[in-house]
Amino acid sequence: MTNRYYLTTPIYYVNGKPHIGHAYTSILCDTLARYYRMLGREVFYLTGTDEHGIKVQKAALAEGMDPKTFVDGIVPKFKELWSLLGIQYDHFIRTTDDHHKAGVQKVLSELEKKGDIYKAAYHGWYCTPCESFWTELQLKEGKCPDCGRAVDRLEEENYFFRLSGYQQWLIDYIQANPDFIRPDYRKNEILGFLREPLEDLCITRPKARLTWGIEYPGSGDHVVYVWFDALLNYLTGIGYPEDNEKYRKFWPADCHMVGKDILRQHAVYWPIMLKAMGVEMPKMVFAHGWWKIGGSKMSKSLGNIVDPVEIVARYGTDAFRYFLMREVTLGLDGTYSEDLLNERYTSDLANDLGNLWHRTASMIEKYFEGKIPQPGGDVWETRLLKDTLGLWEGVRDHILNYDLRESLAGIWAVITAANQFVEEKKPWALAKDSAKQGELADSLYALAECVAHIAILLQAFMPLTAAKVIDRLRIASTGSIRDAAGFRKPLTVPGTGIHKGDPLFPRLDEKPA
Ligand code: ME8
């Protein structure tokens, strides 16, 4: 296993403000990136914005602005949201960056020289909102087969990328590399799609229709199709086409995380582009599901979006991160509703985790003057601490398998067990019995250790809450957890004064709306 981990989000369109769907992918990648950093891997987390194309040109026009001024106004909204959500990316690429534009033009020139790009007349149908070309046969009842909207008849000269020449190679590649497209059911969808002949991809738009794009090299009349431009961000974002240290270190990407809406571009166009360029394949394209509202996908074009800034103002960053990672198995669709978020907040966060911390800290304050007690017996043999230590491997295995929900479920099972442990041990009763002082110390020490391990494990998911507990317990946050065995040791130090602090998750009716 190499020591580096290169992870990407899609680069988001800047035709409107970011919403929960965008926040989901970015939080997911941030959680993975933080965890891999904890494992001691050198992580590169790339995100950014996809700024060219008809959608953005139209949105700018609607505001009466030139596209560049318009996108310059939207990009900060994405960056501000990422900061609010604690997203620690390593680079934010904009497709309007000069380096990116030059990279795209260089790739196009080389592919044209190689014969993989050719110029031809195009006759067919065009769906403007999807920016897709369709043949007569592909239309569904005369409408766009993807979105069902009206299409326009087009006849124009364009440049085409020879996808068709690589179809069999791609099928063989996907079959020989079962982890290239995940989850498995999405791989099968792509293989199904590849049973039909692949048409060459039209990769330019005449300037008469679209001016907001990268100019096609050598043609004064065309700009580059937004997907051909956008996909290359994964390479230009780490320095390509220069053969620099960063590019050599991080390519091939370990995971392109995308929504299932854009899997085809990532699992068909992108590998073929790379193959034609002679560049190594990324290790994996992972397609996650959609957040829906009342049965429909949440999207800008449907106008049913939820603003993450409002949610965070009410529930806090960590609760929002927790909800998104816990509610849905990666790959499947999820239903967003504030009621569900509210329920998770109250039961999992305030009642389970918040209460565990609160009662542990309160009892240490009350019975041990706020200092971690010195255990007498072999507390590491207790069920609670055995389960706690068992979490390290469980969480690691689930995260490495991209199953973040299961890793959280495992952590919560131990939180529940710890709360039950309090009910069973009844430290308040032990405190009254002078013969039971050793058991009282052992019990509270075990609880403090359990909470300490949970806080360290939650760092990737809920960085603010984890940092609070780590600070209040006066334990060291972890730089690296190379393997589970490395952490089979006490985290807390008997005799250390702890700090209970405010409730980690205050009751919602006590928070200002
Ligand atoms: O497609 N549920 O950008 P985009 C879950 N620029 N995830 C969602 C979502 C939802 N309801 N809505 C959006 C583009 N997403 C291109 C990408 S990449 C080279 C170019 C997330 O702004 C999800 O990751 O439409 C989806 O794939 C992405 O946002 C689409 O963002």
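In each ligand, atom 1 is the first atom listed, and ligand 1 is the first ligand listed.
Residue, atom and distance of the protein heavy atom nearest to atom 11 (N) of ligand 1 are M298 O, 2.9 Å. Atom 2 (N) of ligand 1 has W291 N, 2.8 Å as its closest protein atom, hydrogens excluded (heavy atom only). Among all non-hydrogen protein atoms, the one lying nearest atom 17 (C) of ligand 1 is I11 O, 3.2 Å. For atom 29 (O) of ligand 1, the nearest non-hydrogen atom of the protein is H22 CD2, 3.4 Å. If you check which protein heavy atom lies closest to atom 9 (C) of ligand 1, you get G21 CA, 3.4 Å. Among all non-hydrogen protein atoms, the one lying nearest atom 4 (P) of ligand 1 is Y13 CD1, 3.6 Å.
Under the 6.0 Å distance and 45° angle rule, R321 does not count as a cation-pi partner of F461. Note that K260 lies in the cation-pi zone of W290, set by a 6.0 Å cut-off to the ring centre and a 45° limit from the axis. For the pair R209 and Y126, the cation sits on the ring face: its NZ or CZ lies under 6.0 Å from the ring centre, inside 45° of the axis. For K79 and F92, the positive end sits near the middle of the six-membered ring, less than 6.0 Å away and at most 45° from its axis.
Under 4.0 angstrom from ligand 1, the non-hydrogen atoms of H19 all belong to its side chain. If you look at D261 next to ligand 1, the close heavy atoms, those under 4.0 Å, all belong to the side chain. Looking at H288 against ligand 1, only its side chain comes within 4.0 Å, counting heavy atoms.
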Exercise answer: donor-acceptor pairs, residues 169-177 side-chain atoms, under 3.5 Å, sequence neighbours excluded:
residue: D172; atom: OD1; partner: Q168; partner atom: NE2; Å: 3.0
residue: N177; atom: ND2; partner: Y173; partner atom: O; Å: 2.9

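At least one heavy atom of G289 sits less than 4.0 Å from an atom of ligand 1. Proximity of H266 to ligand 1 is established by a heavy-atom distance of less than 4.0 Å. Residue-ligand proximity: W227 is placed with a non-hydrogen atom under 4.0 Å from ligand 1. Ligand 1 is never approached by M257 to a heavy-atom distance shorter than 4.0 Å.
Residue nearest to atom 31 (O) of ligand 1, selected from Y336, W270, F78, Y12: Y12 (by heavy-atom distance). With T25, D333, V56 as candidates, the residue nearest to atom 23 (C) of ligand 1 on a non-hydrogen basis is T25. Of the candidates G16, G259, A230, it is G259 that places a heavy atom closest to atom 27 (O) of ligand 1.
With sequence neighbours excluded, the residues satisfying side-chain contact (heavy atoms from CB on, under 4.5 Å) with E155 are H123, R153.
Salt-bridge formation is detected for the pair K292/D333: a Lys NZ or Arg NE/NH1/NH2 atom is positioned less than 4.0 Å from an Asp or Glu carboxylate oxygen. Between D254 and R4 there is a salt bridge, since a side-chain N of the basic residue sits under 4.0 Å from a carboxylate O of the acidic one. Between D90 and R37, at least one side-chain N (NZ, or NE/NH1/NH2) sits under 4.0 Å from a carboxylate O, which counts as a salt bridge. Residues K249 and E42 are paired through a salt bridge, judged by an N-O separation under 4.0 Å between the basic side chain and the carboxylate. Salt bridge absent: E80 and K77 never bring a charged side-chain N and a carboxylate O closer than 4.0 Å.
Set against the non-hydrogen atoms of D50, the atoms of ligand 1 under 4.0 Å away are 6 (N), 16 (C), 20 (C). For ligand 1, the atoms lying closer than 4.0 Å to a non-hydrogen atom of Y234 are 18 (S), 19 (C).
Considering both main-chain and side-chain atoms, W290 never comes within under 3.5 Å of ligand 1 through any nitrogen or oxygen pair. By the 3.5 Å distance cut-off applied to N or O atoms, I262 is not counted among the residues near ligand 1. Residue N233 has no nitrogen or oxygen atom sitting less than 3.5 Å from a nitrogen or oxygen atom of ligand 1, judged on distance alone.
The only option from Y118, F161, Y216 that meets the side chain to side chain contact (heavy atoms under 4.5 Å, CB included) definition with E112 turns out to be Y216.
In this structure, the separation between OG1 on T236 and CZ on R94 is 13.5 Å, given to the nearest 0.5 Å.
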